[in-house]
Enquirer: 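This is the structure I want to talk about, given as structure tokens.
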There are 2 protein chains.
Amino acid sequence: MQNKPARGTPLPAYEQIKRHVLAQIENGLLKPGDVVPSETEMVKEFGVARMTVSRALRELMAEGVLNRVRGSGTYVAPRQYESTVLQIRNIADEIAARGHRHTARVLALESSDDPNAVAALELDTGPVFHSRIVHNEEGEPIQYEDRYVNPEVFPEYLAQDFTVETPNNYMVRLAPIQRAEFRIYAQKPDAHVRQHLAMEIGEPCLLLLRRTWVGKDVATSVRLWHPASRFHLAGTV
Amino acid sequence: MQNKPARGTPLPAYEQIKRHVLAQIENGLLKPGDVVPSETEMVKEFGVARMTVSRALRELMAEGVLNRVRGSGTYVAPRQYESTVLQIRNIADEIAARGHRHTARVLALESSDDPNAVAALELDTGPVFHSRIVHNEEGEPIQYEDRYVNPEVFPEYLAQDFTVETPNNYMVRLAPIQRAEFRIYAQKPDAHVRQHLAMEIGEPCLLLLRRTWVGKDVATSVRLWHPASRFHLAGTV
DNA sequence: AAGTGGTCTAGACCACATC
DNA sequence: ATGTGGTCTAGACCACTTT
């Protein structure tokens with residue numbers, strides 16, 4: 001870790017240290033409960049000031065990766081359970097886990113220049129890929145999926161048959177999702193969504209918005225509508 | 001801001017600076033979009049090193065309270081009406097983080113023998129404690145909280161003043177929450193909830209059910225109703 | 001050119017846990 | 001007593017935006 005960032009603005013030292021620790025956790029060299037080298041040790045290892053190590057470890061604690069105890073040491077935090085809010089991405093798997101039959105109907109699979117979608121994917125220009133799919137459980141519609149996809153990350157998206165494999169399954173199969181952002185709303189559906197979900201007028205939807213990252217790119221931005229009477233989200237922390 | 005914390009471990013300087021900025025946002029001296037004094041100015045104002053001011057402002061940015069632009073300045077972030085599902089935070093903190101004023105009205109605080117509540121707390125017999133509270137953000141109702149509490153875990157629950165401290169804050173202060181289970185629904189509120197949340201007829205609620213464990217005991221079981229037009233849940237993974 | 005935030009250093013004192 | 005993390009200082013160089 002050179003004192004001066006060399007060229008082209010490489011990562012700052014504290015960020016490099018964070019990634020170094022994260023990498024060790026990912027490849028199993030550090031397991032939950034393990035002691036992480038002390039600040040003093042890392043100062044020697046990386047040749048930086050203690051403040052720099054301190055910032056790296058403090059931020060990892062704020063992110064829930066590490067636990068720090070004054071007078072004792074720094075430890076790898078226990079693994080955090082993922083909630084169903086994440087697993088929702090595999091609606092087909094969830095349906096299968098309930099012993100039910102999943103079917104899908106592809107309403108649209110196309111290129112799009114929707115500026116909102118381009119912005120949601122954090123791209124400068126379009127076109128982007130777009131799909132609209134209704135997922136059924138035992139023939140009953142349970143999810144209306146409106147998805148935009150980054151063509152740079154998934155160039156073959158439009159060539160897939162999404163009645164066989166869900167878009168999300170296709171994507172996690174090709175690229176590891178590294179980060180996700182979600183929002184959950186209760187919302188009245190528009191007529192289009194309401195009809196495709198066979199909902200009664202006045203019934204609300206549980207709307208889940210998700211954006212997922214692959215590396216530094218937004219890979220996909222999706223809106224998932226679910227009829228409130230037939231669906232809810234659940235999980236543990 | 002004395003250089004040396006005097007006695008009894010007062011708040012560290014960076015934390016005092018954070019609260020000072022948050023207070024100014026709360027009382028309206030700083031509004032979304034406003035320029036926050038620069039690091040150099042705060043160094044003079046508080047008599048601390050620039051690193052200390054830098055940390056305070058950096059953490060407020062990480063919390064979504066401020067936006068910082070190199071070469072330009074530090075700005076108050078636009079209001080965010082969202083909440084975090086995966087973390088266990090309380091509504092008062094979230095409102096404070098948005099720079100807003102939280103108030104609460106206690107509708108009920110009592111013992112209850114509701115068999116459903118006793119079962120939800122996984123107890124054999126009642127009574128259990130029960131509270132119903134409406135939380136307001138800037139005077140506008142944002143959450144209707146219907147909570148049952150395990151008397152064995154929080155025997156002094158009924159003696160608290162929940163206009164001063166939220167039940168959640170009271171409980172996490174006394175006992176560490178070790179596990180939580182949640183369910184999220186989109187639901188039409190009943191007339192009682194709808195009126196207390198000042199909602200229009202037909203507007204759906206985002207309903208969050210949560211049970212939390214302290215050790216092997218269910219500590220609390222709570223239903224949180226939020227008006228869909230004014231509230232959503234959000235988070236990252 | 002001046003001002004801003006982003007990062008970093010090489011020290012320091014402290015509270016606390018462990019040995 | 002030793003080592004740990006928590007905080008803080010008084011400088012510094014840099015990239016960037018604004019004037």
Side-chain angles (χ1 to χ4, degrees), chain A residues 1-21 24-25 30 33-77 216, chain B residues 1-21 24-25 30 33-77 176:
Chain A
M1 197 139 319
Q2 289 75 281
N3 288 2
K4 309 296 173 224
R7 58 179 63 257
T9 315
L11 290 175
Y14 78 90
E15 187 63 38
Q16 291 184 46
I17 294 172
K18 285 176 68 174
R19 300 205 179 195
H20 179 262
V21 173
Q24 294 212 316
I25 294 174
L30 286 173
D34 283 359
V35 179
V36 175
S38 74
E39 295 189 351
T40 321
E41 288 170 320
M42 289 203 184
V43 163
K44 292 174 190 161
E45 179 180 353
F46 295 106
V48 299
R50 199 187 136 213
M51 276 289 282
T52 304
V53 173
S54 176
R55 174 170 176 183
L57 298 181
R58 190 199 321 135
E59 292 192 359
L60 285 175
M61 184 172 69
E63 294 165 18
V65 177
L66 301 177
N67 290 326
R68 316 196 73 198
V69 185
R70 170 162 33 184
S72 175
T74 301
Y75 307 88
V76 179
K216 298 180 70 175
Chain B
M1 196 137 322
Q2 291 76 283
N3 289 1
K4 308 299 173 222
R7 59 180 61 256
T9 315
L11 289 175
Y14 78 90
E15 187 64 38
Q16 291 184 45
I17 294 172
K18 285 177 68 175
R19 301 203 179 197
H20 179 261
V21 173
Q24 293 213 315
I25 294 173
L30 287 174
D34 282 359
V35 179
V36 176
S38 72
E39 295 190 351
T40 321
E41 288 170 320
M42 289 204 183
V43 163
K44 291 174 190 162
E45 179 180 355
F46 295 105
V48 298
R50 198 187 137 214
M51 275 289 283
T52 304
V53 174
S54 176
R55 173 171 176 183
L57 298 181
R58 189 199 323 136
E59 291 190 1
L60 286 176
M61 184 172 71
E63 293 165 21
V65 177
L66 301 177
N67 291 325
R68 316 196 74 199
V69 184
R70 173 166 23 190
S72 174
T74 300
Y75 307 88
V76 179

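Just so it is clear, the structure is predicted and the values come from calculations on it, not from any experiment. So you know, we letter chains A, B, ... as the sequences are listed, proteins then strands, and number each from 1. Values below: all heavy atoms of this structure, side chains included; hydrogens, waters and symmetry mates excluded.
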Enquirer: Roughly how many Å is it from CD in A:Glu39 to P in C:dG11, rounded to a whole number?
Expert: 17 Å
Enquirer: So what does A:Ser54 touch, heavy atoms closer than 4.0 Å: a base, only the sugar-phosphate, or nothing?
Expert: base
Enquirer: Quickly work out the A:Tyr14 OH to C:dG6 P distance and round it to whole Å.
Expert: 9 Å
Enquirer: Which heavy atom of A:Val69 sits nearest a heavy atom of A:Tyr75, and at what distance?
Expert: CG2-CE1, 4.2 Å
Enquirer: Do you know which two heavy atoms are closest between A:Thr52 and A:Ala13, and how far apart they sit?
Expert: CG2-CB, 3.9 Å
Enquirer: Could you check if a side-chain atom of B:Met42 sits within less than 4.5 angstrom of a side-chain atom of B:Val21, using non-hydrogen atoms only?
Expert: yes
Enquirer: Using whole Å, what does the distance between atom P of nucleotide C:dT4 and atom CZ of B:Arg58 come to?
Expert: 18 Å
Enquirer: Which atom pairs, one a donor and one an acceptor, fall under 3.5 Å between side chains of residues 44-51 of chain B and the rest of the protein, sequence neighbours left out?
Expert:
residue, atom, partner, partner atom, Å
B:Arg50, NE, B:Glu39, OE1, 2.5
B:Arg50, NH2, B:Glu39, OE1, 3.1

Enquirer: Which atom pairs link the protein and nucleotides 1-3 of chain D when you take only N or O atoms and keep those under 3.5 Å?
Expert:
residue, atom, partner, partner atom, Å
D:dG3, N2, A:Gly71, O, 3.0

Enquirer: Considering non-hydrogen atoms only, spot the tightest contact between A:Arg58 and B:Arg55 and give its length.
Expert: CD-NH2, 3.2 Å
Enquirer: Where each residue is assigned the nucleotide of DNA chain C containing its nearest heavy atom, which of B:Met51 and B:Val36 is assigned the position nearer the 5′ end?
Expert: B:Val36
Enquirer: Given D:dT9, C:dG6, D:dG6, which nucleotide is nearest the side-chain atoms of A:Arg68?
Expert: D:dG6
Enquirer: Which whole-number value in Å describes the distance from B:Glu41 CD to C:dT4 P?
Expert: 6 Å
Enquirer: Shortest non-hydrogen contact from A:Val36 to A:Leu30?
Expert: CG2-CD1, 4.4 Å
Enquirer: Is any side-chain N or O of B:Arg50 under 3.5 Å from a base N or O of C:dG6, one able to act as donor and the other as acceptor?
Expert: yes
Enquirer: Partners of B:Glu15 by salt bridge (charged side-chain N to carboxylate O under 4.0 Å, His left out), sequence neighbours excluded?
Expert: B:Arg19
Enquirer: When the distance from CE of A:Met61 to P of D:dG5 is rounded to whole Å, what number comes out?
Expert: 11 Å
Enquirer: Using a cut-off of less than 4.0 Å, is there contact between a side-chain N or O of B:Thr52 and OP1 or OP2 of D:dT9?
Expert: yes
Enquirer: Using atom CZ of A:Arg55 as one end and atom C1' of D:dG6 as the other, report the distance to the nearest whole Å.
Expert: 16 Å
Enquirer: Taking atom P of C:dG5 as reference, at what distance in whole Å does atom CG of B:Leu57 sit?
Expert: 7 Å
Enquirer: Starting at atom CD of B:Gln16, determine the distance to atom C1' of D:dT7, rounded to an integer number of angstrom.
Expert: 12 Å
